[in-house]
Amino acid sequence: MEEFVQGNAISLILNRENDELLNITIGWTADLYVAHRRIPHCTNDLWHMELLRFEQGYKPFWPEEHLCLRRLTPFATRVCQYVQSIPYGSIRGTQDIAEKLGMPRAARHVETAAINNPWPLLVPSHRIIGVSRQNSTGEGLRDNELRAYLLACEGRRL
């Protein structure tokens, strides 16, 4: 089941199966609304309120969700768990994350896990800087302007 969460500049599409959140697609509101206008709006007002709060520059308190981890490799699960611990408004390099995970030669694998992150914002992969010192990208975050906007909402400039 998909649900649409509309913010000011950005919006989300939450994709659920049973009680698990499979993935989140994030994009510019105008683009997502046109492409997905038949998707029902999310009935959980917390998502909407926290998205607006985030866009206003405040730390959001996203609703508690059961993430569908079974689709991730064990390494990608470890990366996602670490990325969730990166403080609001901070950034980390893939090399730093690989070293923290005890695998200093796995920076590119960290970047791959970030690129394939199915839950942007809940697992804030926009806070990861890749091996090439470029932004790593998460699902729906292939647009560098969008990534820059997310970091700016957190008071961070690259």
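Here the shortest heavy-atom pairing between A76 and T73 reads N-OG1, 3.0 Å. Residues N8 and E55 share a closest heavy-atom pair of N-OE1, 2.6 Å. The nearest pair of heavy atoms linking A106 to A98 is C-CB, 3.8 Å. Closest of all the heavy-atom pairs between I26 and P120 is CG2-CG, 3.8 Å. Of all the heavy atoms in P104 and Q95, the pair that sits closest is O-NE2, 2.6 Å. Taking all atoms of both residues into account, the shortest heavy-atom contact from Q6 to H48 is O-ND1, 2.7 Å.
At least one donor-acceptor pair closer than 3.5 Å links the side chain of R127 to the backbone N or O of I86. A distance-only check finds a donor-acceptor pair linking the side chain of N117 to the backbone of W119 [under 3.5 Å]. Side chain of N116 to backbone of T112: a donor-acceptor contact under 3.5 angstrom is found. The backbone N or O of R16 lies less than 3.5 Å from no partner atom in the side chain of E2, so there is not a single donor-acceptor pair. Side chain of E154 to backbone of G89: a donor-acceptor contact under 3.5 angstrom is found. Of the possible polar contacts, one joining the T29 side chain to the A9 backbone as a donor-acceptor pair under 3.5 Å is found.
Residue Y88 places its OH atom among more than 12 non-hydrogen atoms of other residues, nucleotides or ligands, all under 6.0 Å distant.
Using a 4.0 Å cut-off between charged nitrogen and carboxylate oxygen, R70 and E17 count as a salt-bridge pair.
With values rounded to the nearest 0.5 angstrom, L52 atom CG is found 9.5 Å from I10 atom CD1. To the nearest 0.5 Å, the span separating CD1 on I97 from NE2 on H109 amounts to 14.5 Å. Atoms CG and OG, from L51 and S11 in turn, are 6.5 Å apart once rounded to the nearest 0.5 Å. Here CD1 of I128 is found 8.0 Å from CZ of R147. Values are rounded to the nearest 0.5 Å. How far CD of E20 is from CG of N15: 11.5 Å, rounded to the nearest 0.5 Å. Once rounded to the nearest 0.5 Å, the distance linking CZ of R92 with OG of S85 reads 7.5 Å.
Inter-residue side-chain proximity for N23 and C68 is flagged as unmet; no heavy-atom pair is nearer than 4.5 Å. Looking only at side-chain heavy atoms (C-beta outward), R156 and I91 come within less than 4.5 Å of each other.
In this structure, W62 is not a member of the same hydrophobic cluster as L22, with clusters built from ILVMFWY side-chain heavy atoms closer than 4.5 Å. Cluster annotation: V83 is connected to L69 through the hydrophobic network of ILVMFWY side chains, with a link wherever side-chain heavy atoms come within less than 4.5 Å. Under the 4.5 Å side-chain heavy-atom criterion for Ile, Leu, Val, Met, Phe, Trp and Tyr, L21 and V79 are members of the same hydrophobic cluster. A continuous path of Ile, Leu, Val, Met, Phe, Trp and Tyr side chains, each step under 4.5 Å between heavy atoms, connects V110 with M103, placing both in one hydrophobic cluster. Linking ILVMFWY residues whenever their side-chain heavy atoms come closer than 4.5 Å, directly or via other members, places F75 and Y82 in the same cluster.
Taking Y149 as the reference, W28 meet the ring pair (Phe, Tyr, Trp, His ring centres under 6.0 Å) condition, with sequence neighbours excluded. Scored by the side chain to side chain contact (heavy atoms under 4.5 Å, CB included) test, E64 finds no partners at all (sequence neighbours excluded). With sequence neighbours excluded, the residues that form a side chain to side chain contact (heavy atoms under 4.5 Å, CB included) with F61 are E50, R53.
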Discussion item. What verdict does the side-chain contact (heavy atoms from CB on, under 4.5 Å) test give for V5 and I24, after you've listed the backbone C-alpha separation in whole Å, the side-chain angles of each residue and the deciding distance to 0.1 Å?
Written reply: CA-CA 10 Å; V5 180; I24 298 173; over 6 Å; no

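Classified by interplanar angle (parallel below 30°, tilted 30° to 60°, perpendicular above 60°), the ring pair H126/F54 is perpendicular.
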